[in-house]
Amino acid sequence: MMIEDHIRAAAPRHPGGIERSPPALLKEPLEFLFAEHYRHRQMCKILEYLAVEPAFDASLIAATDDFIRYELALHVIDEEEDLFPLLRRRCEPDDDIEDVLGRLSADHALDQQLAQAVRSIFALALERRTPPSALPGGAEALLKLAKQEKGHMALENAVVMPLARRRLTVDDLEALSLRLAARRGVAAG
Amino acid sequence: MTLKRSASASPRGVAWPQVEAVTIGDLLQRNAHWAATKARIDPEYFRRLSAQQAPDYLWVGCSDARVPANEVVSLDPGELFVHRNVANLAPSQDANFLSVLQFAVEVLKVKHVIVCGHYGCGGVRAALSGKRHGMIDHWLAPIRCLYEDEAGYFDRILDFEARVNAVCEANVLAQVRAVASNPFVQEAWVRGQGLSVHGWIYSIKDGLIRDLETSVANRKEATRLRTRGGAAHG
Ligand SMILES: [Fe+2]
Ligand SMILES: [Fe+2]
Ligand SMILES: [Zn+2]
């Protein structure tokens, strides 16, 4: 079983926080999205750490909760209402992208449920000043989200990003860059 | 009912938005406040506006309360002629829409007609749901047809919300085609009047508009748009 395996394995070391991507990267939208995936992988490491860590770390929990609340939600919009529709318009029938995009969209819907479960655990942990690992269902909720996200990103990195690099035009990238920035409160200079 | 937010303390002492009802009287007060603010900044604002209406744009958008036309393109009153209905349709037999279109094209001589849909449109979702809702089903029948004509394409999008969004885009394209082949618009082009038709889609989740690259500015381009690909592929 997933949790027991995880607990039996050597306890993960403190993974550190999630660093911000440099704002200049917004000018390279696909690089930016790729870097976001890297930050999400960091989030997964933190979730795996918190799932077994016996000490209560309020600031790490709060920062991760903020990441899920703001950054993860924004990233789903980046893809679901921006990159994916654009790819649907640009890809050739031979690219056979629909099955992958369909699975990823279903993942995004599931992400929201799993993320909500993690946020509930975090809220309870902060309220009781208890590590999430000590709460009933805590480790399970955290590991579930981490596992789901890692599989999801692997598929996006392997299939979607290369296709986006191939199919999106210079104009597409410019418009995408403008919207990624606007979504984060950065207006075009 | 419209709701407004006000801050109050949550059990943990953090300010937390709560909703309370806005009364009809509040609206009149807000109106007075809005008019006063405008008049303070620009004493001639309303007199100037009342003297003429010369918008360059006709907006055909959805009735959805979360897509306020003027606001999302940051235009003042007087700058945008607006027609809204459920799911931003441009039906060639709807007297309301046709009156608006003719007035906009022939009297106001707008330079652009913008069909702006939005992702997650409740009208599109209702049309795809397969359930009976009442009168609205008749209004939404063109969207249902649009979907059924290309069901093979749309049904490959397994996630329902993603499929709704794809149909929202296809619907914008269909309405751009309808506007561009409307006799009022065709006649304007024959007269040599400068007029473009555009298809956009708005996201309620980020407030941003995406251009669906369906703009046409003459009869030739309109014909090309009509004959290119299916609804799904634009
Ligand atoms: Fe994703
Ligand atoms: Fe992603
Ligand atoms: Zn709508």
Side-chain angles (χ1 to χ4, degrees), chain A residues 58 62 65 70 73-93 95-112 122-124 126-129 152 168-169 171-172 174-188, chain B residues 10-14 16-17 66-67 72-74 117-121 124-125 150-173 176 198-215 225 228-234:
Chain A
D65 188 55
Y70 298 107
L74 271 180
H75 185 72
V76 172
I77 302 172
D78 289 339
E79 293 179 339
E80 211 51 61
E81 301 206 345
D82 217 334
L83 181 66
F84 292 3
L86 204 52
L87 278 176
R88 283 198 171 96
R89 254 184 287 148
R90 292 288 178 257
C91 283
E92 308 285 329
D95 291 335
D96 211 16
I97 195 171
E98 203 42 66
D99 293 336
V100 173
L101 290 188
R103 146 116 198 256
L104 293 171
S105 294
D107 279 355
H108 287 152
L110 179 62
D111 278 356
Q112 303 204 336
F122 281 168
L124 200 62
L126 289 171
E127 197 176 296
R128 297 190 187 161
R129 305 196 60 77
H152 176 82
L168 299 191
T169 65
D171 286 350
D172 288 340
E174 210 169 290
L176 191 58
S177 159
L178 191 78
R179 289 190 298 264
L180 289 175
R183 215 167 277 134
R184 287 160 178 81
V186 182
Chain B
S10 76
R12 272 164 48 208
V14 184
W16 195 253
R66 298 161 299 177
V67 194
V72 303
V73 284
S74 196
H118 67 101
Y119 288 134
C121 181
V124 173
R125 193 179 292 127
E150 305 241 12
Y153 169 78
F154 291 122
D155 286 348
R156 288 195 63 200
I157 305 174
L158 290 179
D159 183 68
F160 182 71
E161 289 306 314
R163 192 185 316 145
V164 166
N165 287 349
V167 177
C168 289
E169 288 188 355
N171 179 43
V172 169
L173 172 62
V176 169
H198 313 271
W200 293 354
I201 196 146
Y202 176 81
S203 168
I204 288 165
K205 291 183 185 164
D206 61 19
L208 293 168
I209 291 169
R210 294 93 165 118
D211 182 0
L212 291 177
E213 302 158 75
T214 58
S215 298
L225 184 72
R228 118 183 162 197
H233 304 285

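Note that the structure is a prediction, hence the values are computed from the model and not measured. Every chain is numbered from 1, with letters handed out A, B, ... down the list of sequences.
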- Within a reach of under 6.0 Å around CD of B:Glu213, are more than 12 heavy atoms found that belong to other residues, nucleotides or ligands? yes
- Engaged part of B:Leu212 at the chain A interface, taking heavy atoms whose separation is under 4.5 Å: both
- Message: Quick check on B:Ile157 against chain A: is it the side chain, the backbone, both or neither that has a heavy atom closer than 4.5 Å?
- Response: both
- Task: Under the salt bridge (Lys or Arg N to Asp or Glu O under 4.0 Å) rule, what do B:Lys205 and A:Glu80 come out as? Steps first, then yes or no, please.
- Result: CA-CA 11 Å; B:Lys205 291 183 185 164; A:Glu80 211 51 61; over 6 Å; no
- State whether B:Glu169 and A:Arg88 are salt-bridged, where the test is any N-O pair (Lys NZ or Arg NE/NH1/NH2 against Asp/Glu carboxylate O) under 4.0 Å. no
- Query: Are the charged groups of B:Asp206 and A:Arg179 less than 4.0 angstrom apart, N to O?
  - Reply: no
- When the 4.5 angstrom heavy-atom criterion is applied to A:Arg184 and chain B, the contacting part is neither
- Task: Give the minimum heavy-atom separation between A:Ala182 and B:Leu208, together with the two atoms involved.
- Result: CB-CD2, 3.7 Å
- Distance col, row A:Leu110:CG vs B:Asp159:CG, nearest 0.5 angstrom, shows 11.0 Å
- Task: Please round to the nearest 0.5 Å and tell me the distance separating atom OH of B:Tyr119 and atom CD1 of A:Ile77.
- Result: 12.5 Å
- Should A:Glu81 and B:Arg210 count as side-chain neighbours, where that means a heavy-atom distance under 4.5 Å? yes
- Does the side chain of A:Glu98 come within less than 4.5 Å of B:Asp155's, by heavy atoms? no
- Pick whichever of A:Ser105, A:Gly102, A:Ala175 has the most heavy-atom pairs under 4.5 Å with chain B. A:Ser105
- Heavy-atom pairs under 4.5 Å with chain B are the metric here; pick the option from A:Ala73, A:Pro85, A:Ala109 that has the most. A:Pro85
